[in-house]
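See below for the structure under consideration.
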Amino acid sequence: QVQLVESGGGLVQPGGSLRLSCVASGSIWNIRVMAWYRQAPGKERELVASSTSGDSTNYADSVKGRFTISRDNAKNTVYLQMVSLKPDDTADYYCNAEVLRRGRSRYLEVWGQGTLVTVSS
């Protein structure tokens, strides 16, 4: 069993900053991709940023230049540093990972439970 646990969400004023964290735990052999998605009320879930084990990153156009994804592979942790936050960034943020469990040959997609980010004055 593999679990992802997010933390760091909360209420922040427009222009403020937050850092989200996501820790993967369980019987993990390798994590190929770690990513952040978000879902605002009434909208579909969308990819915010992703990071591969080869340090390749990808960002949604709406967050480029404001959000930074980073990983600590030794800790199976991914971070999302968010600056210059806007009300449109308000959403539930979900951690996602492609995980190879010990003794298995296929990668498993795992989701966290989500953490709420609210940007409001």
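For the atom pair CG (Leu80) and CD (Glu6), the distance works out to 11.0 Å, reported to the nearest 0.5 Å. Taken from CG in Leu18 to CD in Gln81, the straight-line distance is 8.5 Å, to the nearest 0.5 Å. Between the CZ atom of Phe67 and the OG1 atom of Thr57 there is a distance of 14.5 Å, given to the nearest 0.5 Å. Atom-to-atom distance recorded for Thr77:OG1 and Leu4:CG is 10.0 Å, nearest 0.5 angstrom.
Below 30°, between 30° and 60°, or above 60°: for Tyr94 and Trp111 the angle between ring planes is above 60°, a perpendicular geometry.
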Next on the checklist: Would Tyr107 and Asn30 count as a side chain to side chain donor-acceptor pair (under 3.5 Å) here? Give the steps.
Outcome noted: CA-CA 9 Å; Tyr107 280 83; Asn30 183 57; 2.7 Å; yes

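Shown here is Glu44, whose CD atom has no more than 12 heavy atoms of other residues, nucleotides or ligands within 6.0 Å. Within 6.0 Å of the CD atom in Gln39, the count of heavy atoms belonging to other residues, nucleotides or ligands exceeds 12.
For the pair Val33 and Ser50, the tightest heavy-atom approach, listed with the atom from each and the gap, is CG1-CB, 4.3 Å. Closest approach of Asn76 to Met34, counting heavy atoms only: O-CE, 4.0 Å.
Residues Tyr59 and Thr68 have side chains in contact (heavy-atom distance under 4.5 Å, counting atoms from C-beta outward).
At a threshold of 4.0 Å, the pair Lys64-Asp61 counts as salt-bridged, since one of the basic side-chain nitrogens sits closer than that to a carboxylate oxygen.
A disulfide (SG to SG under 2.5 Å) check over residues 91-121, counting only residues at least two apart or in different chains, returns the pairs Cys22-Cys95.
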